[in-house]
Amino acid sequence: MRWSQYFIPTLREDPADAEVVSHKLLLRAGLIRQLGSGIYSYMPMAQRIALRIMQILREEMNRIGGQEFYLPALHPAEVWKESGRWEAIGAEMFRLKDRKDADMCLGMTHEEIFTTIARNELRSYKQLPQVWYQIQVKFRDELRPKSGFMRLRTFIMKDAYTFDVDKAGLDKSFADQREAYKRIFSRCGIEYSIVEASSGSMGGSESNEFVAKTDAGEDLIASCANCDYAANLEKATSRLAPVKDLVGPEAPEEFPTPGVRTIEDLTTFPGGAKERDQIKTLAYVVDGQPALILLRGDHQLQEIKLLDASGATKSRPAYRAEIQQWLGASPGSLGAVGANDRQHPDGFLIAAADFAPNQVQLFLSGGAKRLRIIADDALKGRQNMTTGANKDDHHLRGVNIARDIEVNQWADLRGVDSGDSCPRCDEGTLEIFKAMEIGHIFKLGTKYSESMGATVLTVDGKPVPIVMGSYGIGVERIITAAIEQNHDADGIIWPKTIAPFDVVVTVTNMKDEKLRETGEKLYKDLMRAGLDALLDDRNERAGVKFKDADLIGIPYRVTIGKKVADGLVELFTRATKTSEDVKLTEIVSQVQKLALAGL
RNA sequence: CGGGGCGUGGCUCAGCCUGGUAGAGCGCUCGGUUCGGGACCGAGAGGUCGGAGGUUCGAAUCCUCUCGCCCCGACCA
């Protein structure tokens with residue numbers, strides 16, 4: 001392309017709306033323009049980048065036997081009602097009605113549609129496995145779109161789905177996808193980690209999240225410096241040093257603790273206890289039901305883990321007034337000993353959804369007759385501990401969990417801290433970093449095939465639900481991560497595998513006929529050699545051209561300047577900002593060698 | 001949805017508090033001088049001040065409503 005005719009609307013200044021680096025650079029480099037919140041138009045150069053990424057996606061999907069489909073983005077509500085997600089998913093789904101007033105939606109993912117095809121067409125185990133994918137637009141009405149390409153309301157996704165006859169087949173399909181994903185992100189020049197993550201509302205037994213390390217990311221990842229353990233903080237755990245408790249008294253002993261409100265207060269209170277010898281009691285409303293969450297005094301609750309463990313979709317700390325009614329005490333004196341004996345003839349009070357903390361009259365009576373007690377695994381087997389007595393300004397000591405507390409469920413609920421011991425290896429400690437999700441692979445199992453009736457006959461002639469997996473990569477996320485990880489003060493430094501052009505030929509002075517002709521010829525020679533070249537033939541001063549070339553981040557720049565008289569041009573490498581003189585006769589093969597190396 | 005901020009030429013912003021002929025820099029057009037890291041001089045084009053209503057002799061400025069965008073939180077396959 002000739003820059004003079006190609007549409008690259010670069011900006012000299014940072015756009016006012018952009019905060020994160022990738023967003024600023026996407027706008028400044030003339031790659032995208034905003035249409036609305038979370039909605040962006042691709043300019044021609046961005047489209048070239050996206051096409052190169054999609055090509056990599058296709059190659060790697062095809063390599064593992066993937067077959068490319070193209071499914072509709074507009075869906076009738078029926079299929080979503082069958083899977084149950086028409087109701088389960090809230091406002092995040094764009095919904096609309098057709099002229100006959102029938103419910104429709106814009107596709108936010110395609111499990112339902114692919115499963116529809118599978119159940120109509122797949123009959124026998126002999127047809128399996130199938131690996132199906134597409135590259136297509138998705139719509140999600142995010143509550144808060146943000147940071148340019150980081151969280152969009154309409155974006156391109158490569159989504160793949162696998163169909164197997166059994167669990168072992170799924171394991172193989174999942175492993176294939178995992179390998180393909182590793183190749184994809186490596187080829188795109190992205191530094192990534194594979195982490196354990198919560199599956200959320202996708203359902204399924206196991207998922208791996210692919211994340212790119214960047215401070216602009218929204219996720220926190222704990223990873224071991226010594227081994228390959230890495231997990232999203234909502235799932236991460238760590239190894240605890242075992243605690244040896246002294247044998248306590250026959251029964252808990254109540255003692256007065258005037259003024260003690262916090263775990264910390266109790267550590268300094270005469271006759272108190274160390275943090276790790278206390279039981280932290282949190283009152284929560286979990287899916288509208290009262291619950292007590294027990295943790296070791298020095299541990300913090302990781303709320304996503306609470307949701308995963310309880311199977312709930314929503315939780316919140318209980319309000320003061322709720323707690324007072326449940327336990328007859330204030331926060332700071334709460335405990336689980338005897339809590340399950342508490343009776344409320346009209347049930348426990350649960351605030352209405354629109355409850356405001358200062359409006360006690362909005363309280364409604366909940367149906368629950370008992371408190372659910374969920375305890376963190378770190379409390380297992382502990383004894384001689386201290387906790388609140390459910391009586392203001394009093395605590396209990398000598399609490400033996402197994403003997404004194406009726407725990408309904410044990411679970412890993414505790415969040416990890418940087419410096420904690422790795423749960424997988426012996427020596428490592430965990431460090432926590434920010435990252436953005438760029439891909440996610442799920443073992444779905446039979447969630448969709450069962451709800452939607454997709455079965456095949458086994459070798460025994462028995463119908464079994466197809467075992468599915470689902471795998472997604474966001475194209476814009478790859479673009480964003482690539483920029484976040486590869487830029488400097490002057491602009492983007494594209495990994496050469498996804499750069500919009502391999503090389504830019506910069507003619508320093510278009511009014512100099514010799515330079516102009518040399519540039520024109522070199523441009524054609526590069527194209528003939530199979531390289532994507534951009535010829536900067538604008539009537540601009542050299543400085544402007546250099547700044548723009550740096551900004552848009554083409555990996556190599558050939559500068560045509562005065563040294564042409566000696567048969568020399570300059571080869572500039574964007575990533576290192578170094579340049580060397582190269583003979584005009586050798587420049588094409590030189591660039592070719594560099595641009596194609598390692599591809 | 002809660003909190004905060006912002007809508008003025010293509011871009012970045014000033015003007016608003018204290019109402020009185022709409023400004024600057026960059027970009028754009030034309031002429032000239034320049035020509036290897038965002039040149040300089042001169043002359044121009046370009047704005048319903050997000051929208052609607054109100055107050056006023058007079059509104060970018062004050063008031064009300066409304067639309068949109070950004071950030072934090074909540075939320076999120």
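Just so it is clear, the model here is predicted, and its values are computed rather than measured.
- Among the protein residues, A:Arg557 comes within range of the nucleic acid bases, having at least one heavy atom under 4.0 Å from a base atom.
- A:Lys562 comes within 4.0 angstrom of a nucleotide base, judged by non-hydrogen atoms across all strands.
- Backbone-only contact: A:Gln34 has heavy atoms under 4.0 Å from sugar-phosphate atoms and none from a base.
- As a whole-Å value, the separation of A:Glu142 CD from B:rC72 P is 14 Å.
- Of all nucleotides listed (B:rC72, B:rA74, B:rC28), B:rA74 comes nearest to the side chain of A:Leu143.
- Between A:Met157 atom CE and B:rC76 atom C1' the separation is 13 Å, expressed in whole Å.
- Note on A:Thr559: a base of the nucleic acid sits closer than 4.0 angstrom, heavy atoms only.
- Rounded to whole Å, the distance from CE on A:Met93 to C1' on B:rC76 is 14 Å.
- Using a 4.0 Å cut-off, no side-chain N or O of A:Lys146 falls inside it from OP1 or OP2 of B:rC71.
- As rounded to the nearest Å, B:rA52 and B:rC57 have P atoms that lie 22 Å from one another.
- One P atom belongs to B:rG58, the other to B:rU21, and the distance between them is 15 Å to the nearest Å.
- Comparing atom distances between the A:Lys511 side chain and each of B:rC35, B:rC75, B:rG38 picks out B:rC35 as nearest.
- No contact: A:Ser579 has no heavy atom under 4.0 Å from any strand.
- When the P atom is compared between B:rG15 and B:rG20, the two are found 14 Å apart, to the nearest whole Å.
- Using a 4.0 Å heavy-atom cutoff across all strands shown, A:Glu19 reaches sugar-phosphate atoms only and no base atom.
- Between A:Tyr42 and A:Phe149, the ring center distance clears the sub-6.0 Å criterion.
- Taking atom CZ on A:Arg477 and atom P on B:rC76, their separation rounds to 15 Å, with Å as the unit.
- Counted by atom type alone, A:Thr162 and A:Tyr471 present one or more donor-acceptor pairs between their side chains at under 3.5 Å.
- Residue-to-nucleotide contacts include no donor-acceptor pair under 3.5 Å from the side chain of A:Glu540 to the base of B:rG37.
- Between A:Arg541 and B:rG38 there is no side-chain N or O to OP1 or OP2 distance below 4.0 Å.
- Side-chain N/O atoms of A:Asp490 and base N/O atoms of B:rG37 include no donor-acceptor pair closer than 3.5 Å.
- The side chain of A:Asp17 has B:rC69 as its nearest neighbour among B:rG37, B:rC69, B:rA39.
- The two residues A:Ala236 and A:Asp412 make their nearest non-hydrogen contact at O-OD2, 4.4 Å.
- The separation between A:Ile304 atom CD1 and B:rC76 atom P is 7 Å, rounded to whole Å.
- Across B:rG36, B:rG37, B:rU12, the shortest atom-to-atom separation from the side chain of A:Glu13 is found for B:rU12.
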Steps toward side-chain contact (heavy atoms from CB on, under 4.5 Å) verdict (A:Ile117, A:Leu71) | CA-CA 10 Å; A:Ile117 296 169; A:Leu71 270 41; 4.2 Å; yes
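- Within 4.0 Å of A:Tyr471, counting heavy atoms only, lies no atom of the nucleic acid at all.
- Comparing the same atom, P, in B:rU56 and in B:rA74 gives a spacing of 47 Å after rounding to whole Å.
- With distances taken from any side-chain atom of A:Ser37 to the nucleotides B:rC69, B:rG36, B:rC35, the minimum falls on B:rC69.
- Of the candidates B:rC76, B:rA39, B:rG36, B:rC76 carries the atom nearest the A:Glu92 side chain, counting heavy atoms from C-beta on.
- A donor-acceptor pair shorter than 3.5 Å cannot be found between the side chains of A:Lys146 and A:His23.
- OP1 or OP2 of B:rG38 has not a single side-chain nitrogen or oxygen of A:Arg12 nearer than 4.0 Å.
- Using the Watson-Crick or G-U wobble rule with both distances under 3.5 Å, B:rC62 pairs with B:rG54.
- The nearest whole Å value for the distance from the NZ atom in A:Lys24 to the P atom in B:rC11 is 18 Å.
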